[in-house]
Amino acid sequence: MPGCFFERIAIRRYQDEVQHPGAIKAFAAEFRSTLIFVFAGQGSGMAFTKLTDGAANNPVGLVAAALAHAFGLFVAMSVGATISGGHVNPAVTFGAFVGGNITLLRGIFYIIAQLLGSVVACVLLLFSTGGLTTVGFALGAEVSVWNGLVFEIVMTFGLVYTVYATAVDPKKGDIGIIAPIAIGFIVGANILAGGAFTGATMNPVVAFGPAVVSWDWANHWVYRAGPLVGGGLAGVIYELLFIVRSHEPLPQSEF
């Protein structure tokens with residue numbers, strides 16, 4: 001019931017989360033999965049820049065970025081799904097939290113692991129490419145910060161809504177590998193739609209790692225606020241409209 005919605009949100013004690021048998025494994029899984037995803041996505045952009053001698057972005061580069069991120073996310077989610085849920089994205093974690101599917105403390109630890117995975121991936125790329133600049137995110141020409149913010153909100157809403165429909169909803173049944181495929185597809189499709197306007201991050205850590213390594217924070221708040229708002233809205237709306245359940249303690253195996 002909508003009136004009971006906030007009762008679903010769980011905090012939990014620090015000791016409960018840290019001493020949970022699978023906690024450290026879950027945090028490590030989020031770190032590894034995010035590293036895999038960011039390394040593949042950023043690496044594809046850096047490779048394209050090298051192959052084209054730094055030429056301006058074009059449709060071929062956009063398609064390459066969409067494919068690399070879709071495939072990378074599919075693998076990253078698949079390898080982490082049975083350990084941590086394979087969030088790989090603070091917006092997904094936040095959407096899961098507002099829907100009562102993960103505790104606040106575990107969500108914070110997940111986000112820290114995701115941020116570290118992104119930074120390490122970009123540092124590894126910087127070293128392994130001989131010092132090539134990581135591909136940062138910037139708003140397109142004539143795209144205001146408010147245009148970009150709305151774009152990121154809408155795209156992330158679609159992403160987290162897909163996560164809920166294919167991976168969180170108890171009615172989903174046993175759809176196995178379909179969840180990471182569908183989620184990878186929506187990320188790829190959104191990059192094709194929004195890549196020319198905002199870069200289509202849909203994920204704060206995708207922008208965070210390159211920003212740390214290049215130390216370029218121009219309009220970076222758009223890439224934090226947009227995905228978190230979009231992910232939170234998707235979690236709330238899907239929970240209220242499509243998931244009916246009474247308030248119960250979170251199971252030991254959380255999403």
Residue pair Phe39, Val120: steps toward the side chain to side chain contact (heavy atoms under 4.5 Å, CB included) verdict: CA-CA 9 Å; Phe39 191 92; Val120 171; over 6 Å; no

Glu142 and Asn147: side chain donor to acceptor below 3.5 Å: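 On atom types as modelled, these side chains do not qualify, holding no pair under 3.5 Å.
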
Residues Glu30 and Ser84: side-chain donor-acceptor under 3.5 angstrom: yes

Atom of [X], atom of [Y] and distance for their closest heavy-atom approach:
| X | Y | result |
| --- | --- | --- |
| Ala179 | Ala167 | CB-CB, 4.3 Å |
| Gly194 | Phe151 | CA-CE2, 3.7 Å |
| Ala207 | Thr201 | CB-CG2, 4.2 Å |
| Cys122 | Gly209 | SG-C, 3.5 Å |
| Leu125 | Gly43 | CD1-N, 3.7 Å |
| Leu149 | Val222 | N-CG1, 3.7 Å |

Side-chain donor or acceptor of [X] paired with backbone N/O of [Y] under 3.5 Å:
| X | Y | result |
| --- | --- | --- |
| Asn203 | Val88 | yes |
| Thr156 | Gly230 | no |
| Asn89 | Met202 | yes |
| Tyr164 | Ile237 | no |
| Gln42 | Thr134 | no |

Separation of Leu104 CG from Phe109 CZ (nearest 0.5 Å):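 Spacing of CZ (Phe109) from CG (Leu104) equals 10.0 Å.
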
Val187/Phe74 under side chain to side chain contact (heavy atoms under 4.5 Å, CB included): CA gap, chis, key distance, verdict: CA-CA 10 Å; Val187 166; Phe74 164 69; over 6 Å; no

Side chain to side chain contact (heavy atoms under 4.5 Å, CB included) assessment of Val92 paired with Met77: CA-CA 12 Å; Val92 171; Met77 291 192 66; over 6 Å; no

Parallel, tilted or perpendicular: rings of Phe97 and Phe94 (30°, 60°): tilted

Ring geometry between Trp215 and Trp217 (parallel below 30°, tilted from 30 to 60°, perpendicular above 60°):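 Aromatic pair Trp217/Trp215 classed perpendicular.
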
Contacts of Leu126 that satisfy side-chain contact (heavy atoms from CB on, under 4.5 Å) - sequence neighbours left out: Val213

Between His220 and Phe137, ring centroids under 6.0 Å: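 Here the rings of Phe137 and His220 have centres that are no less than 6.0 Å from each other.
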
